Every structure is written in structure tokens, then in C-alpha cells.
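Because the structure is a prediction, the values reported are computed rather than measured.
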Amino acid sequence: MAAMKALSLACLLFVLALNAPAAEQEDLAKLLAKAQSAQRNRNFDEAINAYERALKADLSTTTKTVVLINLGAAYNGTRQREKAVSCFEQAQKLRPEQPASWYFMGESLFGLNRLEESLAAYTQAIKLLPKEAAFYSGRASLHMKMGKYDLALEDCDEAVRFEPKTALHYDKRAAVYYAQSNIPAAERNYTEAIRLDPVNVSALNNRGVLYLHTQQWDKAIADLSLALKLAPGHDSAWCNRAQVYAGMGDWAQAKRDYQNAVKLFPNDETSWTGLAILYGSCPDEHLRDGKLAVEAAKKAGELLQWKSSKSLDVLGIAHAQAGEFDKAVEAADKALALLEASAPEREGIEEHRALYVKKEAFRQTGKNWGSVAAAKEADTVEGWLAAGNIALLQKDYDKAFDLLSKVLALNPEPKDRATALGGQALIHVQRGQWDQAVQTATEAIGISAKEETFYQLRGKAWQEKGEKEKAVADYSEVLRITPSDSKVQCERGRLYKMLGKPDLAEKDFTAVVERSPKSLEGWTLRALLYLNEGRWIECLRDGDRMLELKPDMSEALSMQALVLAMAPDPTIRDGKRAVAKGTRACELTQWQDWQNMSHLASAHAESGEFQAADKVLQRALALKDLPESAANQLQNMRLQYAKGKPLYMSAKGRVGR
């Protein structure tokens, strides 16, 4: 992003130097330098004023385009999105090939929630400048907003590829993994962002939230406290640390953090909501205050224009603490009126309302439900289930299994029973206990037939048991419920291939690459299928796509070397290209992969370089721990090449790795 802004400024000053008369050039350059300085310092109103004055001058087409782009970016800074869009549209009429106008327009349209238009703008920017990491990063945020996490992850991967030392891209990729509930991958990426930039407040705050939700309290406090030390004005870090303290039962410190947040950011509804809940329901009677709770809840509701069911629920909690139970019931009713009948939030609000009818206020338990001690003390489904889920997130499977067993022993409601069984099925899969996984997942499916995770777990177990048809049936059920699950579709395609159904496998792999054109896994699986089926041209084409996505992918290079060296069709073979690709594949694997070396040997043979081929084969035979079958294959190749004859594949190629 900084690179693009610097590029715009450099371009602007260069154009001015070429196109403005001497006296006019000096005045205009000063005006625009002032605008740029104001924009860098986030004085957007001053920047807007200067850019608008500059537009009144007689500017060249190129100069006017850049001024319009910078003006639009300044409008974005003040959240005047419609005005920003107008600037970018004018710039695009003048110079449609300028990528910055499309990128910033994508940002504006995103802010206006015009998501499909934003996607088109970001995509056009990428088309015009395909190696700009900021463009992929912006589109990743949009894909996250749209719930397209696989596409968001692909864009984050591209941003990292082009700027591997930029912390921002790892921070954003971590957010995608977190949205996918891939906690370990999220933590790794947040940690890498912090390693690259130890004072990255965003990554520190976000990793702190991850630790908050997995109830790793000490780590959460450490990250959030450092974030606040570096940026005392970071509003969400204050709120997040307050939640950590509340989770630990340190309500006094939670109150102080919420108070700091509302003092620094009086227009942030999150801070007021947290403070209202604390005043209205915290277990420490010395901190509860109905009057203050109502004041805080009203402030939060006003900021949200009373369009949030949560703000109305919090208002009800506050009124109940103040002894105003009729008002509490009224607030709860208004909250329920905003929700669909199937909304999961309804249950909690209805429970609160029932308390108010009985003239009782809602109280938080003050217990850390992820704590085994607290769960044991309460001995409730809620307590044991929460503790079990935390153990699952922390990958403590022995502890998680025992805790989920406690849930099942309490004869829970069907939905809680299904959740506990699903957790145990996951543990059986992690332990490689396939029969138990099938049995447990089947029981969970019997209770909750619309939960795709249960089918996915059972499909994995069937697959490992060698029951491929049953695995396909379960994966098909996952795809019926969630048609965009590319990982499951790839897995089903693999099974179709093993079952001798290449047409169905190809259909699955093609669906993946059409839906996610940057899915390296999808392109790889289809290329290997084409190799296995002897569809040489298609195999080479998919290999090209793999190398576009990952230029140093040894598997793609070696596969192409194999086809170029050993295809039975002489019009496809090209020994020189095969040697180049095979050599690079061996270099990337440090001459430790015997199959890559065998493909290179075949390439040398196709080029008539039989001594070079034998030399590579001898080097492969010298590798440590070489399988006997591999050694036999390499020796047979040596015998063939000693006769001065290349080797070719049959009409259908051998199965690739």
C-alpha cells in the first residue's frame, strides 16, 4: 500500500515537471506537495481542499488522473465513500489502465457494502498489476466479508508470495485461518507477523484475542498489554483485555479497562456494551450498579441506533439490575422482535426475560467455563461442554475426551449430545481409531443430520478403513450441504480416481479449479489424473498453471520433464526442455529425490545424452534408504540406456506422485 502511494506521488511530480510552465509548475508543485504531506499525516480535510484546488488548474490528462486518485483516497480517509467513487470513476474515464484507481475504488465500494462491484474493481486492479501484494490483501478482506474463506486464503497466499517479509499479510492470513477455526495455523501466522514486526499492534491484539478465546489467559494478557503499551489509544485492545480479566474473574481490572476504553473512544459501542454488562451482571456485588449499567447500555444502544438485539438485551440486563423489571421485559421483547424465529440468540434472551418476569436480575456465574475445576463444581452440561471444547482447541485430546464424556453422562439435550459426540468422533480420528470414529460420528448424524462436519469425520474414517464407496457417499453429503468445500471435493476426486472412475474424478477437480482458480491442490490433482490417463497435452497445460501459481514447484517441473521425455507421441517430446525442467526439479530437492532424478535421466536419454543419464541414475542409486523397488527400477533404466535406447510410457502414463 505504501509502495502504491509513493508510486502515485512520484508519477505526479514527474508529470508536473514535464507538462507545467515554469511559474505554474512551482505553484502547483507546492500545492500538491502540501496535499501529499497532509494525506500522509492523515489530515484528510486539508488534503481534500488542496487537491480540489489543484483540479481547477489546466492539468494534463495523466496529471489530472493521479490527482483524482489521490483525492479519492483522501475521501476514503474521511469515509466519504460516494465522493471517493466519483473521483475514481472520473480517473478511469481518463486513464482506465491506471491500476491504483481500481484498487482504491474496490476499497470505497467495500466500505459501501457494494461487495460484488468491489470484487470486480479489485480484480481489475490485479489484472492490470498482477504482482502488487496490496491488491491481493484488499481482495482477501473482501472475500472474508463475503464468507469465501478459501478464496481469501488464496489471495493472502499471493500477497505473502510477493511480499514474504511484510507482517500485514501474515496477520490477515491468520484472520482467515481463525475464521475457518484452524487455530494452530492462525497462531503460527500471527506469530510470524510479530516476528517480522515485533511492534505490530494489530497482530499482537489479534493473537491476544486468539488466546482469549482458547482461555490461555497469561499469553492473552501479555500480548494485549504489549499492544496497549505500544498504542495506548487502541480501543479494541482495551476491550479485549477487559474480557480476559473478566474471564479470569478479575472484575475490578476488567472495569478499569472498559472505563479507559470509553474515555478514549466515547463513540465505540463495544466498550459501552462491555461496561453495561459488567455493571449489570458481574458477580461482584461491590461493582454492580444498576444506574450506571442503564446509562452505559443506553449509550451503546444510541450508537447502534437501537437496531441491535444485543444492545436491547444488555439494556434489559441493566434495567433488571436497577430493579426496573417492567422496562427489562420491554427491552427483551424488543430484542426478540428483531430476531428470526430460528436465531440462536433467542434462547439466551428468552431465559433473561423469564428471570425478569419473576423479578430476578441476570447474574454472570463468575466461573471460567473452560476450567475443569469450575465445570466440576457446577456439574452442568454447559460447564463440561465448554471445558471440553477448550481442551479440543488446545489439542489435549485425552482431557477433551474425558470432559465430553461428562457431558454425555448428564443426559444432555439432543443438540448438546450431538456436539459432544462430534467432538469425540474428532478425537477418534486424531487417534486413528477408525471403527470408533465411524460409530460415534454415525450416532451424531442420527441426532443432527444437517451437520456436515459429522459426515466429513465419518468419511475420513471410512477412507482410512479402505471403504472407499462409503467415504464417497459421506463426502457427497458434505458437498450437498456445503457445495463450496474444495478440500472435501478434492478428497472425493482422489477416491473416484482410486475407484477407477476418472470421469467423476476429473469433474470434481475441474469444479475446484473453476471455483478457485488459484487452488494449487486442484490443479495438481487434475494434472496427475491426466498423466495417469495419458492425456499428455492437458497434463502439460495444468503443469503450466501450477508453475504460474508456484514457479519453483519441483513436483510440477518433474512431472513436465517426465511427459516431455517419455510421452509415446513424438510430437510432444522435447528432450532439451525436459532436461531443463528435470535439472531444476532436482536442484530444488537438493538431489535427494530418486524419482525426480529418474525423470531427469529419461530427459537426458531423450536428448541422446546416455552417459549423462547413467551418471544421474548412479547418483540416485547412491541415495541412503533407497527402497528396493526403486533400486530395481533405476538399474533397469541403466540397462536400457546402456543400449542407447530411450524409454517411453505406454498409451496411459504411470501414476504420478
Side-chain angles (χ1 to χ4, degrees), residues 149-150 180-182 388-389 392 395 397-398 400-401 404-405 407-408 412 414-516 519 521-533 652 654-657:
Y149 298 122
D150 287 346
Q180 293 179 313
S181 298
N182 190 340
N389 284 334
L392 273 177
K395 295 192 173 182
Y397 296 123
D398 291 341
F401 193 89
L404 295 173
S405 296
V407 175
L408 298 172
K415 65 181 182 64
D416 291 329
R417 182 174 183 81
T419 299
L421 287 166
Q424 289 194 334
L426 170 61
I427 294 166
H428 286 312
V429 167
Q430 294 295 332
R431 291 172 170 173
Q433 298 168 332
W434 310 120
D435 289 334
Q436 295 96 316
V438 166
Q439 180 180 350
T440 309
T442 300
E443 188 176 350
I445 290 168
I447 300 169
S448 183
K450 294 182 179 180
E451 176 53 60
E452 70 270 19
T453 304
F454 301 156
Y455 292 101
Q456 190 169 350
L457 290 168
R458 191 172 68 177
K460 172 67 174 174
W462 285 129
Q463 185 174 351
E464 295 295 336
K465 282 169 60 65
E467 300 274 6
K468 297 181 182 62
E469 294 282 6
K470 291 180 179 179
V472 164
D474 275 345
Y475 290 151
S476 297
E477 192 63 23
V478 174
L479 292 168
R480 185 187 66 79
I481 299 168
T482 311
S484 61
D485 193 325
S486 294
K487 290 189 178 299
V488 169
Q489 193 147 27
C490 282
E491 205 57 50
R492 188 177 69 174
R494 283 191 183 96
L495 289 170
Y496 279 139
K497 179 181 175 183
M498 288 187 278
L499 287 166
K501 300 177 180 180
D503 292 345
L504 292 176
E506 181 184 6
K507 186 177 179 180
D508 269 346
F509 300 147
T510 299
V512 170
V513 298
E514 287 180 349
R515 182 170 60 245
S516 303
S519 172
E521 182 180 24
W523 290 108
T524 301
L525 290 171
R526 195 173 73 169
L528 291 174
L529 175 70
Y530 289 150
L531 174 63
N532 193 53
E533 292 298 301
K652 284 199 173 186
R654 67 192 186 196
V655 178
R657 285 176 301 161

request  = State which residues pass salt bridge (Lys or Arg N to Asp or Glu O under 4.0 Å) with R494; sequence neighbours excluded, sorted by chain then number.
outcome  = E491, E521
Approximate separation, where rounding is to 0.5 Å, of I445 CD1 and T453 OG1 = 10.5 Å
message = Measuring only between side-chain heavy atoms, which start at C-beta, is T524 closer than 4.5 Å to L528?
response = yes
task = Could you list the residues that satisfy salt bridge (Lys or Arg N to Asp or Glu O under 4.0 Å) with K507, not counting sequence neighbours?
result = none
request  = Using a 4.5 Å cut-off on heavy atoms from C-beta on, say whether the side chain of D485 contacts that of E452.
outcome  = no
query = When you look at R515 and S486, which way does the side-chain hydrogen bond (donor to acceptor under 3.5 Å, both in side chains) test go after all the steps?
reply = CA-CA 8 Å; R515 182 170 60 245; S486 294; 3.1 Å; yes
ask   = Out of Q456, E464, Q463, which one pairs with K460 under the side-chain hydrogen bond (donor to acceptor under 3.5 Å, both in side chains) rule?
value = E464
Inter- and intrachain pairs under ring-ring contact (aromatic ring centres under 6.0 Å, His included), touching residues 437-472, at least two apart = none
Acceptor/donor pairs from residues 434-441 side chains to any protein atom, 3.5 angstrom cut, sequence neighbours excluded:
unit_1: W434; atom_1: NE1; unit_2: G432; atom_2: O; d: 3.4
unit_1: D435; atom_1: OD1; unit_2: K465; atom_2: NZ; d: 2.5
unit_1: T440; atom_1: OG1; unit_2: Q436; atom_2: O; d: 2.8

query = Quick one: does Q489's side chain get under 4.5 Å of P483's, heavy atoms only?
reply = no
remark   = Rounded to the nearest 0.5 Å, the CD1 atom of I427 sits from the OH atom of Y397 at a distance of 8.0 Å
request  = Would you check if V407 and T419 make a side-chain contact, meaning some heavy-atom pair closer than 4.5 Å?
outcome  = no
query = Does E451 pair with K415 as a salt bridge, N-O distance under 4.0 Å?
reply = no
note = Here the pair of heavy atoms bringing L457 nearest to A425 is CD1-CB, 4.0 Å
key: Straight-line distance of L495 CG to D474 CG, nearest 0.5 Å   = 11.0 Å
ask   = Taking all atoms of both residues into account, what is the closest heavy-atom pair of S519 and V512, and its distance?
value = OG-CG1, 3.5 Å
ask   = Does any pair with a residue in residues 437-449 pass salt bridge (charged side-chain N to carboxylate O under 4.0 Å, His left out), and if so which ones, sequence neighbours excluded?
value = R417-E443
ask   = Do the charged groups of R431 and D398 touch, with an N to O distance under 4.0 Å?
value = yes
inquiry  = Looking at every non-hydrogen atom in both residues, tell me the closest pair between G423 and L392 and how far apart they are.
reply    = CA-CD1, 4.0 Å
inquiry  = If I take atom SG from residue C490 and atom OH from residue Y475, how far apart are they, to the nearest 0.5 angstrom?
reply    = 12.0 Å
task = Measure the CG-CG distance between L504 and L499 for me, rounded to the nearest 0.5 Å.
result = 9.5 Å
inquiry  = For a quick test of reading the model, state the closest non-hydrogen atom pair linking L479 to V488 and the distance between them.
reply    = CG-CG1, 4.0 Å
key: For A400 against G388, the heavy-atom pair lying closest together   = CB-O, 3.8 Å
query = How would you list, by chain and number, every residue that makes a salt bridge (Lys or Arg N to Asp or Glu O under 4.0 Å) with E467, sequence neighbours excluded?
reply = none
request  = Check whether the side chains of S476 and R492 place a donor and an acceptor atom closer than 3.5 Å, and report yes or no.
outcome  = yes
For A444 against L421, the heavy-atom pair lying closest together = CB-CB, 3.9 Å
query = Could you state the interatomic distance from CG (L408) to CD (Q424), rounded to the nearest 0.5 Å?
reply = 5.0 Å
query = Are a donor atom and an acceptor atom from the side chains of Y530 and E506 found within less than 3.5 Å of each other?
reply = yes
